[in-house]
Amino acid sequence: MEDKIIINCALPYANSTPHIGNIAGCYIEGDIYNRFTKLFGKNSVFISGSDEYGTPTTIRAEKENKTPKEIVDYYHAEQKRVFSSIDIEFDYFGRTTSENHAKFVQEVYRDLKNKGYIGERLMISPFCPTCKKFLPDRYVTGTCPRCGNPTARGDQCEECGRNNDPQDLLEPKCSISGDTPEFLETRHMFLLLGKFQDFLKEWIESQNSWRPNVRSFSLSFIESGLKERAITRDIEWGVPVPEPGYEGKRFYVWFEALLGYISNAQEYSSQAGNPELWQDFYKNGKSYYFMGKDNIFFHSIMLPAILKGYGHEIKLPTRINGNEYLRFAGKKFSKSKGIGYNVNEILQIVDKDSLRYYISSILPESSDSDFTLQEMVGKVNGELADKYGNYANRVLAFCLKKDIIPEEDGIIDEEDARVIKMSESNFEEYLKLMENLEFRKALSLWLELVSYSNSYFNRSQPWKLIATDRSACSRKLHISLRLLDYCTLMLHPFVPSGTSRIWESYHEGAIMGTFDELIAGNEKFTIKSSEIPFKKLEVQEEPKNGLNLKVGKILEAGYHPGADSLLLLKVSLGERNIKLVAGLRKYYDPDALVGRKIIVVENLKWAKIRGEESQGMLLAAQDSMGAHIITTNEEEGSSVKIGEYEYDGEQKIEIDDLKAYDLRVDIKDGHSEITGLIGRNRLSLNVNNKGLLIDGGAQDKSTVR
RNA sequence: AGCGGGGUGGGGUAGUUAGGAAAUCCCGACGGGCUCAUAACCCGUAGAUCGAUGGUUCAAAUCCAUUCCCCGCUACCA
């Protein structure tokens, strides 16, 4: 009997719009695999849903003066809309605030409790007498015991990064009422994870098909010992705990959300008119889970422990597919810092097919990968539009224009036989890779076949054959179209819309049914039209220099009182003086710096470093010998250009923005210069057309910052 | 500085888990072909001592050690 397959994607948290990093790290892979399994005749369902409980939702609701329900309603709808805007089609996209979900979570909880996998423990938690409730750690503020920051939070101090317990804070306050919380005992239920330690170890060790990163991460986690974990909290927004005395408590999100996979599948089954359907999948089938690497622990350890404890014949995950991160031009995608695009924004630049193609070709399967507009344009135009799109168009347009019907004529020459064999073996290999979730490799195999198809068409020269041997011409075109069939179906899971368009332009039906049926039905083609299937992208960015670099002269230098690697400098920029903090203490004596000319990044956001304000930053080259300040003989206050580009910006920049310019030392023919990137060009920094100097010299390719 | 991930032709990458003859593919450069097609496609050429050093081995991009550099997160980075 054919395997049943359930495909799950980590439930997205219902408080934001997914960005490209989320899509690439999880959802698009699920969608690709789902489309693949369906196209190749497997019985699969693709399920996810929004994760709607938890403290971040409460916080957001308070900030926006809304109820948590209003927040999650909005984002649930938003997420559905965003996924469908890029053809990510779930069979069911549910939500953890459903009644059924709560019922199922409580059922699993009772079962685990009865079997002795859950124990009650006493904890000490901050309780606000004014608000009359226990406070989440982050709702407690106070003075950090390490650095003295008076606005540290109960979970972490933003100033020194220390991870706190709320009890550690001096003069703790409730961040809502401002009153001093009491530390009271409170009871909570704990999942006794340790009971599963040996089982999990053995189970994970036997999972040979898992990616190495997932397997080794999980094993090393188990190696360090599994501790019991609280599964309830003193909060209001969550699934109620069916336990006397727990009326004011709720399940902690991670425990409850993991069960969403099954509760969503149950809801899907009911909706499909067969409430027991989900059992087919979870008891007799395979289950695939797609997620980002930050979620591996929950899926490879928590979920299996819960399912194992619960039993009821539910099978443990078949594959846990943890992905690395997709970065945007080298930086982590971040809404709050405005790095990268969310899906809505990127769709104003590219169409969904191009976006899906590009993301598929750089999926962060085994290591972090970079999303850049430039590379996207290159790949989409060169591969999707030029090679594949143009191939479809050139074959179809030829047939239409010359009014020739591609048909077999019973003859197969040596060349044809070789091509057919090649396409078949390429396809077999593709199937193996797809089944093993190696999507990037599968896609590069596809590209190989596209090139091969173009090559065959070139060698066949149908434009000549049509005059000399119409029958052979028709046969060659027929084979060309069969190659197009393979290319189109292989690409279909990745780029569903565009491939459907192409398919329908030369077949009677749509891409419906299984691969075998589709291929078998193609003894004859009915060419209806030929259009350019993929438009080329035109994304151009005017290169500009947003770095305001000025020559400065050090007036005073001294030690930073509160840090052992920092210096404090007073610097003249000509018309005014500024204060700088510099990490040079290990390499420079303050006295030796006074009077030196330096290069200052003038439009850097001011920042407080260990209590001292830094109103810019000086440039220094860093190599294995240490730090070397960048200097010049020109007047203080002079501007530094990158190539011919003068400063052209108004905004203050973040320190991370410097990385885009990739300032570094370049040594050519014995001469050192400082260079930076403007657009694609690496240009040298100069003041009044004179190059910059490096104090003491530095090694080639040293980073300047 | 701590943790994690990497250094492979001009750029981007595959190959490293199980060491083995000529190191993969895409872009770019150069030369050629074709004219059906989206100035597209196809063929060919050049270009890499696989970061460095040392070791194991008949054999190392691949294993071991040391080291340098880069990136991400964190930070006494600014």
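Every chain is numbered from 1 and lettered A, B, ... according to where its sequence line falls, protein lines coming before strand lines.
Ranking B:A78, B:U38, B:C26 by closeness to the A:Leu604 side chain, first place goes to B:A78. Of the candidate nucleotides B:C41, B:A78, B:C42, B:C42 has the atom lying nearest to any side-chain atom of A:Ser451. In this structure, of B:U38, B:C42, B:G5, it is B:U38 that holds the atom nearest to the side chain of A:Pro533. Closest to the side chain of A:Arg440, from the set B:C34, B:U13, B:C42, is B:U13. Comparing B:C76, B:U13, B:C42 by their closest approach to the side chain of A:Leu566 singles out B:C76. Candidate nucleotides B:C77, B:G5, B:C42 were compared by shortest atom distance to the side chain of A:Ser367, and B:G5 ranks first. Of all nucleotides listed (B:U13, B:C36, B:U38), B:C36 comes nearest to the side chain of A:Phe457.
With salt bridges taken as basic N to acidic carboxylate O contacts below 4.0 Å, one links A:Asp413 and A:Lys476.
A straight line from OH of A:Tyr357 to P of B:C26 spans 11 Å, rounded to a whole angstrom. Atoms CG (A:Asp370) and P (B:G12) sit 10 Å apart, rounded to a whole Å. Atom CD in A:Glu375 sits about 9 Å away from atom C1' in B:U13, given to the nearest Å. One interatomic measurement links the two molecules: CE of A:Met617 to P of B:C76, which rounds to 16 Å at whole-angstrom precision. In this structure, A:Ile479 places its CD1 atom 21 Å from P of B:C36, rounding to the nearest Å. Atoms CG (A:Asp368) and C1' (B:G7) sit 15 Å apart, rounded to a whole Å. Summarising the geometry, the separation between OH on A:Tyr452 and C1' on B:C43 is reported as 14 Å, rounded to the nearest angstrom. The nearest whole Å value for the distance from the CZ atom in A:Arg327 to the C1' atom in B:G12 is 13 Å.
When each of A:Lys441 and A:Tyr388 is assigned the nucleotide of RNA chain B bearing its nearest heavy atom, the one mapping closer to the 5' terminus is A:Lys441. Heavy-atom nearest nucleotides on RNA chain B were determined for A:Gly389 and for A:Asn454, and the one closer to the 5' end corresponds to A:Gly389.
Ring-plane geometry between A:Trp463 and A:Phe457 is classed as tilted, the angle between the planes lying from 30 to 60 degrees on a 0 to 90 degree scale.
Between A:His478 and A:Phe525, a ring centre-to-centre spacing shorter than 6.0 Å is recorded.
The partner of B:G9 cannot be assigned: no Watson-Crick or G-U wobble pair with both contacts below 3.5 Å exists in any strand. Figure legend. B:C41 is base-paired to B:G33; pairs are counted as Watson-Crick or G-U wobble with both atom distances under 3.5 Å. When Watson-Crick and G-U wobble pairs are counted only if both distances are under 3.5 Å, B:C3 pairs with B:G72. Base pairing of B:A21 is not made with any nucleotide, judged by Watson-Crick or G-U wobble geometry with both donor-acceptor distances under 3.5 Å. Nucleotide B:A61 is matched to nothing when pairs are restricted to Watson-Crick or G-U wobble geometry with both distances under 3.5 angstrom. Within the shown strands, B:U66 is the pairing partner of B:A52 under the Watson-Crick or G-U definition, both distances less than 3.5 Å.
Using a 4.0 Å heavy-atom distance criterion, A:Lys379 is classed as making no nucleic acid contact. Across all strands shown, A:Tyr391 has no heavy atoms under 4.0 Å from either base or sugar-phosphate atoms. At a threshold of 4.0 angstrom between heavy atoms, the contacts of A:Glu324 with the nucleic acid are absent. Nucleic acid contact class of A:Ala582 (heavy atoms, under 4.0 Å, all strands): sugar-phosphate only. At the heavy-atom level, A:Lys464 lies under 4.0 Å from the strands shown only through sugar-phosphate atoms.
The separation of B:A29 from B:G11, taken at their C1' atoms, amounts to 12 Å, rounded to a whole angstrom. Annotation: B:A48 and B:C3 have their P atoms spaced 37 Å apart (nearest Å). For the P atoms, the distance linking B:C25 with B:U45 amounts to 12 Å, nearest Å. Comparing B:G6 with B:G10, their P atoms are spaced 23 Å from each other, to the whole Å. The separation of B:G28 from B:U67, taken at their P atoms, amounts to 42 Å, rounded to a whole angstrom. Rounded to whole Å, the separation between the C1' atoms of B:U16 and B:U35 comes to 45 Å. Across the C1' atoms, B:C50 and B:C41 are found 33 Å apart, a figure rounded to whole Å. Atom name C1', nucleotides B:C71 and B:C42: the rounded distance is 39 Å, in whole Å.
The one candidate from A:Tyr430, A:Phe494, A:Tyr388 that meets the ring-ring contact (aromatic ring centres under 6.0 Å, His included) condition with A:Trp446 is A:Tyr388.
Residue A:Lys535 places its NZ atom among 12 or fewer non-hydrogen atoms of other residues, nucleotides or ligands, all under 6.0 Å distant. No more than 12 heavy atoms of other residues, nucleotides or ligands sit less than 6.0 Å from atom CD of A:Glu531.
At the phosphate of B:U24, neither OP1 nor OP2 sits under 4.0 Å from any side-chain N or O atom of A:Ser444. Here A:Ser565 does not reach the OP1 or OP2 of B:C77: none of its side-chain N or O atoms lies under 4.0 Å away.
You cannot call A:Phe398 stacked on the base of B:C36; the centres under 5.5 Å and planes under 30° rule is not satisfied.
Between A:Arg215 and A:Glu205, the closest heavy-atom pair is NH2-O, 2.7 Å. When all heavy atoms of A:Gly583 and A:Leu566 are compared, the pair lying nearest together is CA-CD2, 3.7 Å.
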